[in-house]
Participant: 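This is the structure I have questions about; it appears just below.
Side chains included, hydrogens not; waters and symmetry mates left out as well; all remaining heavy atoms used. In this text the structure is predicted, and so the values were computed from the model without any measurement. Each residue takes its place number in the sequence, starting with 1.
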Amino acid sequence: MIGINDLHGQLDTTSMVSDKKAGSAPILATYLKEAQAKYEHSLLFHNGDSVGASAPVSSLDRDEPTMEWMNMMGFDVASLGNHEFDQGIAALKAQIFGGLDPKEGKVTHAGAKFDYVNANVIETATGKTLIKPYVIKEVGGVKIGFIGLVTKSTPAKVSPSGTAGVRFLSAEEEVEAVNKMQKNCKIRV
C-alpha cells in the first residue's frame, strides 16, 4: 500500500528539506510511480486533506486541479480529512461526485475516478453516511477493506458552515460502526 496524506492542493509548492528543494506534484508523482513500479501489486491511497488550505494554483479553481491530478495519478482510494469540509458539504460532494461547484457556479468538477470513503459522518437529512463508508479493493488476489474515518476534531477545526447538515459519530458509535462493517465484509483490522 502506497499512501500519502495532507496534500492540501500544494501542486506547485516547494519547501527546503536538508538544504534541498522538496515538493511539487511532478516530484511527488515521480516518487509514487517509482514506488508502484517496484511492486507488482500495489494500491495508491490518500488519507485525508487532499484539498483545502490549498495553494492558489488549486484553490482559485476550487481545488479541481488537485482532483484532476489525483485522477491522473490513478489513486485507488481516499478518505476525508477535516479540510475536505472547508467549503461545505455541497462543495465536498461536487468535488467527489462531479458537478457545478456551489460558489459562484464557475467551476464544474469532473469528480473522482476513485473511491472516497467515510464512516463517521452522518447526513442529518437522511441519517446515512455522507459518502460510502468503506470499499473493498482486490490486488494480487487479496481483498483489502478500507474504512474511512475523519478526525473527531473536525467540527472544532472547520467553520460551522462547513459541517452544516452533518453530525459526527461519537467514539462509541464509531467503534460500533467499524466493527459492524468489519463483520459484514469479513475485513480483518
Side-chain angles (χ1 to χ4, degrees), residues 2-17 20-36 43-118 120-121 123 125 129-133 135 137 146 148-151 153-166 168:
I2 302 167
I4 65 171
N5 60 282
D6 292 285
L7 178 62
H8 291 289
Q10 303 295 313
L11 301 176
D12 65 348
T13 306
T14 58
S15 300
M16 296 300 285
V17 177
K20 295 180 182 175
K21 279 191 173 182
S24 81
I27 291 172
L28 178 57
T30 300
Y31 288 133
L32 294 174
K33 292 296 182 186
E34 286 175 355
Q36 288 175 307
L43 288 169
L44 185 57
F45 66 94
H46 192 289
N47 195 28
D49 290 348
S50 57
V51 299
S54 305
V57 70
S58 187
S59 66
L60 290 175
D61 281 323
R62 306 292 291 154
D63 285 314
E64 178 60 14
T66 296
M67 296 301 291
E68 183 178 344
W69 180 81
M70 292 178 71
N71 282 335
M72 287 188 313
M73 287 299 302
F75 274 81
D76 295 291
V77 180
S79 63
L80 299 178
N82 58 286
H83 281 285
E84 272 78 8
F85 292 88
D86 285 351
Q87 302 299 319
I89 301 306
L92 179 154
K93 285 184 169 185
Q95 287 173 341
I96 293 173
F97 302 119
L100 190 63
D101 190 274
K103 184 178 181 182
E104 301 172 0
K106 292 183 178 179
V107 174
T108 299
H109 295 280
K113 294 179 182 174
F114 51 91
D115 295 296
Y116 259 90
V117 293
N118 181 271
N120 67 337
V121 178
E123 248 184 312
T129 55
L130 179 63
I131 60 176
K132 63 181 160 186
V135 67
K137 297 288 182 175
F146 291 85
L149 298 170
V150 67
T151 179
S153 61
T154 298
K157 291 183 172 189
V158 176
S159 73
S161 64
T163 58
V166 297
F168 293 77

Participant: Specify the closest pair of heavy atoms between Met73 and Ala29, including all atoms of both residues, with the distance to one decimal.
Facilitator: SD-CB, 3.5 Å
Participant: If you take all heavy atoms of Ser58 and Leu11, which pair is closest and at what distance?
Facilitator: CB-CD1, 4.4 Å
Participant: To the nearest 0.5 Å, tell me how far Met70 CE sits from Leu44 CG.
Facilitator: 8.0 Å
Participant: Output side-chain donor-acceptor pairs under 3.5 Å for residues 104-114, partner residues at least two apart or in another chain, one line each.
Facilitator:
{"from": "His109", "atom 1": "ND1", "to": "Glu64", "atom 2": "OE1", "distance (Å)": "2.8"}
{"from": "His109", "atom 1": "NE2", "to": "Asp101", "atom 2": "OD2", "distance (Å)": "2.9"}

Participant: Answer yes or no: is there a donor N or O on one side and an acceptor on the other, between the side chain of Ser54 and the main chain of Gly52, under 3.5 Å?
Facilitator: yes
Participant: Any donor-acceptor pair under 3.5 Å linking the side chain of Gln95 with the backbone of Leu92?
Facilitator: no
Participant: Working to the nearest 0.5 angstrom, can you tell me the gap between Ser50 OG and His8 NE2?
Facilitator: 9.0 Å
Participant: On a heavy-atom basis, which atom in Pro155 and which in Phe168 lie closest, and how many Å separate them?
Facilitator: CG-CD1, 3.4 Å
Participant: Side chain to side chain contact (heavy atoms under 4.5 Å, CB included), that's the test. Do Leu28 and Leu7 meet it? Break it down for me.
Facilitator: CA-CA 10 Å; Leu28 178 57; Leu7 178 62; 4.0 Å; yes
Participant: Distance check, rounded to the nearest 0.5 Å: Asn118 atom CG versus Leu130 atom CG?
Facilitator: 7.0 Å
Participant: Nearest 0.5 Å, what's the CG-CD1 distance between Leu32 and Ile4?
Facilitator: 5.5 Å
Participant: May I ask you to test the Glu123-Lys93 pair for a side-chain heavy-atom distance under 4.5 Å?
Facilitator: yes
Participant: Start with the C-alpha distance between Val121 and Thr163, add both sets of side-chain angles, then the distance that settles side chain to side chain contact (heavy atoms under 4.5 Å, CB included), and finish with yes or no.
Facilitator: CA-CA 10 Å; Val121 178; Thr163 58; over 6 Å; no
Participant: State, yes or no, whether a side-chain contact exists between Phe75 and Trp69 at a heavy-atom distance under 4.5 Å.
Facilitator: yes
Participant: Looking only at heavy atoms, which two atoms of Gly48 and His46 are closest? And how far apart?
Facilitator: O-CE1, 2.8 Å
Participant: Under 3.5 Å, is there a donor-acceptor pair between the side chain of Asp76 and the main chain of Phe45?
Facilitator: no
Participant: Does the side chain of Val150 come within less than 4.5 Å of Asn120's, by heavy atoms?
Facilitator: yes
Participant: If you count every heavy atom of other residues, nucleotides or ligands that lies below 6.0 Å from Phe97 atom CZ, does the total exceed 12?
Facilitator: yes
Participant: What are the two closest heavy atoms between Asp12 and Ala55, and how far apart are they?
Facilitator: OD1-CB, 4.0 Å
Participant: Where is the tightest heavy-atom contact between Thr14 and Ser24, given as atom of each residue plus distance?
Facilitator: CG2-CB, 4.3 Å
Participant: So how far is it from Thr66 OG1 to Asn71 CG, rounded to the nearest 0.5 Å?
Facilitator: 11.0 Å
Participant: Please check: side-chain N/O of Thr154 versus main-chain N/O of Thr151, any donor-acceptor pairing under 3.5 Å?
Facilitator: yes
Participant: Apply side chain to side chain contact (heavy atoms under 4.5 Å, CB included) to Lys137 and Asp115, showing your working.
Facilitator: CA-CA 10 Å; Lys137 297 288 182 175; Asp115 295 296; 2.6 Å; yes
Participant: Looking only at atom types and distance, does a side-chain atom of Asp49 sit under 3.5 Å from a main-chain N or O of His83, one as donor and one as acceptor?
Facilitator: yes
Participant: Just do the side chain to side chain contact (heavy atoms under 4.5 Å, CB included) check on Leu43 and Phe146 with the steps written out, would you?
Facilitator: CA-CA 11 Å; Leu43 288 169; Phe146 291 85; 3.7 Å; yes
